[in-house]
Each structure stands twice: as C-alpha cells, then as structure tokens.
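To keep things clear, I will list the structure first and then write my remarks on it.
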Amino acid sequence: MTDQYAVIGNPIGHTKSPLIHGLFAQETQQDMSYTAIEGPLEPHDAFAATVRAFVAAGGKGMNVTAPFKLKAFAMADERSERAELAGAANALSFKDGRIVAENFDGVGLVRDIEVNLSQPMAGKRVLVLGAGGAVRGALLPFLAARPAELVVANRDVPKVRALVAQVAASGSLFACGYGDLEAMGRFDLVVNATSASLTGELPPVPPSVFSAEGAAYELAYGKRLTPFLRLARNAGVASVADGVGMLVEQAAEAFAWWRGVRPQTRAVIDQLTVPLD
Ligand code: NDP
C-alpha cells in the first residue's frame, strides 16, 4: 500500500511541502503520497483529533507548520533533544502506535549555510537576530557547528536571556539586545531569524555588524531582497541568501528520517528559488 504523509497548518494554501516531497519521492522511487491538510484552529483539542484520524487512516508521518508546532510537540509520546529545546515539533513520525516528535528547522538551516552556501561556521563569529520558534530550534545545531562565538540578539531581552540560559552552553553563547551590537564589532555571519521581513520591516540591527567577506542569511524566503538583505548588501556583504534552501533541507531531513534514504536537494532548491533581484 502507498504510504501516506501530509503537512498540516492553517492557513496551508501557500505550502511548498507537497511539491518538495513529491519531487523527493520521484527521485528516490518511494511509493508514498503527500498531501496538505488545513488543521482546525478550534476547539482546542481538534488539532490532536485530526492528527489521530490521519494516523488511524494509515498515515506514517506529518510535517507541522504554523500555528501547530507547539501542539504537535505537546501531543507526542517521544521527543528528540532538538524538539525538547525548541519546545516545538516540525515533523512527526507514527510508528507502533507511538507519536515521535522531531524538529529539523535548525539542522536544515545549518546545512544550507554550511553545505549549499559554503559558509562553514567553525571558528567564526555568528550573530543571530530573534528569539522565536525558529531560533529555539536552531541553537543546538548552531552550537554543534562550533562557532567561535554565537551571539543572539532580540528586542525582548529577558526572553532571549531566558532562552540562552536554557542551553547548557557548550560553546561561547551570549544573549543581548540590539543596543549592545554597535560595540561588538563585525560578525562573519549574520542570520535574520526574526519575522520582521514578513511585514517588510527591518530589525534594528546596526550596519556595523556586517563584514564584507562574511555572509548574511534571511530565514524568510520568496520575498526577494528584504530590508535586512538590502542593509547587508549596502554594507558590502557579497554572500547574501534567503531561506529557501533551509526549507528544502529541513524537508530532506524529515524525508530521510521517515524513508531511510536521503534525497538530493540542489535541483529542488533551484526550482523553488525566487531570485533576490
Ligand atoms: P516567531 O513568531 O516565533 O518569532 C518572531 C521573532 O521575530 C521574535 O523573536 C520577535 O521578537 C522578532 N521580531 C518580529 N518583528 C520584529 C521586528 N520588527 N524587529 C525585530 N524583531 C522582530 O517566528 P519564527 O521564529 O517561527 O519565524 C521567524 C522567521 O523565520 C519568519 O520569517 C519565518 O517565516 C521564518 N522561517 C523560515 C523557515 C524556512 O524553512 N526557511 C522555517 C521557519 C521559520 P520579540 O521576541 O522581541 O517579539
């Protein structure tokens, strides 16, 4: 029987996941279907009921997107360490009556930066902007890449301090506000993991953080040159990229987790890329 997978979110019309997983399945010759489900927002327990109905109908796994990542995490029987720190799941696997939660956003992000964009983080100064769900999922994978220093800046400073305090710092990890950045010099990599670009806004980051030989990465994708990427370009940064590669790489991680085979990502990223200019 064809194995069934789905992505669940609300709204879900914009999702690229069925296209991505369809291309992966074709390439790796997997007998599977992948659909999009608009999850119910109300009543409170309706999301879990929808997931359980999918499992009962033979579903093998799900990707989870906004606003259900916390609910997916909460309903799981087992959770990976990455999902635990994020407090959120972006992928579920259903096996032997158990629901296992994973979070591949951070590994997908690190893989896109290090492999696809050839910007290894080891020994580098890395600045991350934001302290939301995406950053929660990215902290452990970022630290595993062994930067010399990882600074996380956020508008809500107590929030970013609390997040950083949760990580048993195995590296040099610091939390701060935007006002502290001017004094911190240049970073080799600046990652905009705020949601500011979704509304065309710019996080209050000073141009002094960028270095011309370094890189700037924007998690939002398909929005061309966002105010953040424009600021980086104007500061002379040659390597600027948006988050389309992260999207495809986290999907590849989930696919490999479910199917035991890792798909190629380059052609899929190329197909989904909206040029910045
Ligand atoms: P959250 O809503 O969880 O967090 C949003 C963060 O952005 C908060 O830290 C908030 O700061 C900050 N923020 C919002 N507006 C501004 C602003 N104008 N100036 C400064 N900071 C601001 O969002 P997520 O973490 O889930 O997502 C963040 C981004 O990552 C989004 O653009 C999302 O689309 C993208 N994303 C991309 C993925 C991909 O595959 N490419 C996957 C997941 C996310 P504060 O805490 O101070 O309120």
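Counting starts at 1 for both ligands and their atoms, in listed order.
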Closest protein heavy atom (residue, atom, distance) for atom 4 (O) of ligand 1: G132 CA, 3.3 Å
Per-atom contacts, ligand 1 versus A196 - under 4.0 Å to a heavy atom: 15 (N), 16 (C), 17 (C), 18 (N)
For atom 11 (O) of ligand 1, closest protein heavy-atom neighbour: N154 OD1, 3.2 Å
Nitrogen or oxygen of A134 less than 3.5 angstrom from that of ligand 1: yes
Atom NZ of K16 with >12 non-hydrogen neighbours under 6.0 angstrom: no
Polar proximity ligand 1 side, L219 side, N/O cut 3.5 Å exclusive: yes
Donor-acceptor contact present, side-chain E249 to main-chain V107, <3.5 Å: no
CA sep, side-chain torsions, deciding dist, call: F94, F54, side chain to side chain contact (heavy atoms under 4.5 Å, CB included): CA-CA 10 Å; F94 313 125; F54 183 72; 3.9 Å; yes
Close side-chain approach of L150 to L139, heavy-atom, < 4.5 Å: yes
Sub-4.0 Å heavy-atom contact, A193 with ligand 1: yes
Distance from atom 3 (O) of ligand 1 to nearest protein heavy atom, with residue and atom: G133 N, 2.9 Å
Min N/O separation L198 to ligand 1 under 3.5 Å: no
Heavy-atom donor-acceptor pair, R79 side chain to A88 backbone, under 3.5 Å: no
E201-ligand 1 polar pair, N/O distance under 3.5 Å: yes
Any N/O pair G130/ligand 1 closer than 3.5 Å: no
Polar proximity ligand 1 side, R155 side, N/O cut 3.5 Å exclusive: yes
Within-cut-off N or O pair, D105 and ligand 1, under 3.5 Å: no
Donor-acceptor contact present, side-chain R125 to main-chain R186, <3.5 Å: yes
Atoms of ligand 1 close to Y221 [distance to a heavy atom under 4.0 angstrom, numbered from 1]: 39 (C), 41 (N)
Heavy-atom proximity to atom 29 (C) of ligand 1, best of T226, T194, T65: T194
Heavy-atom proximity to atom 38 (C) of ligand 1, best of K16, M246, E249: M246
Exam field: side chain Q250 to backbone L247, donor-acceptor pair closer than 3.5 Å: yes
For atom 7 (O) of ligand 1, the option (of P203, A86, S195, G245) bearing the nearest heavy atom: S195
Ligand 1-proximal atoms of D156, by part, heavy-atom distance under 4.0 Å: both
Transitive ILVMFWY side-chain link F104 to L140, under 4.5 Å: no
Distance-only donor-acceptor check, side chains E102 and S80, under 3.5 Å: yes
Residue-ligand contact K159/ligand 1, heavy atom below 4.0 Å: yes
Parallel, tilted or perpendicular: rings of Y34 and H21 (30°, 60°): parallel
Under 3.5 Å donor-acceptor, R224 side chain and P275 backbone: yes
Donor-acceptor under 3.5 Å (S195 side chain, L198 main chain): no
Ligand 1 atoms in contact with A131 (distance to a heavy atom under 4.0 Å): 9 (O)
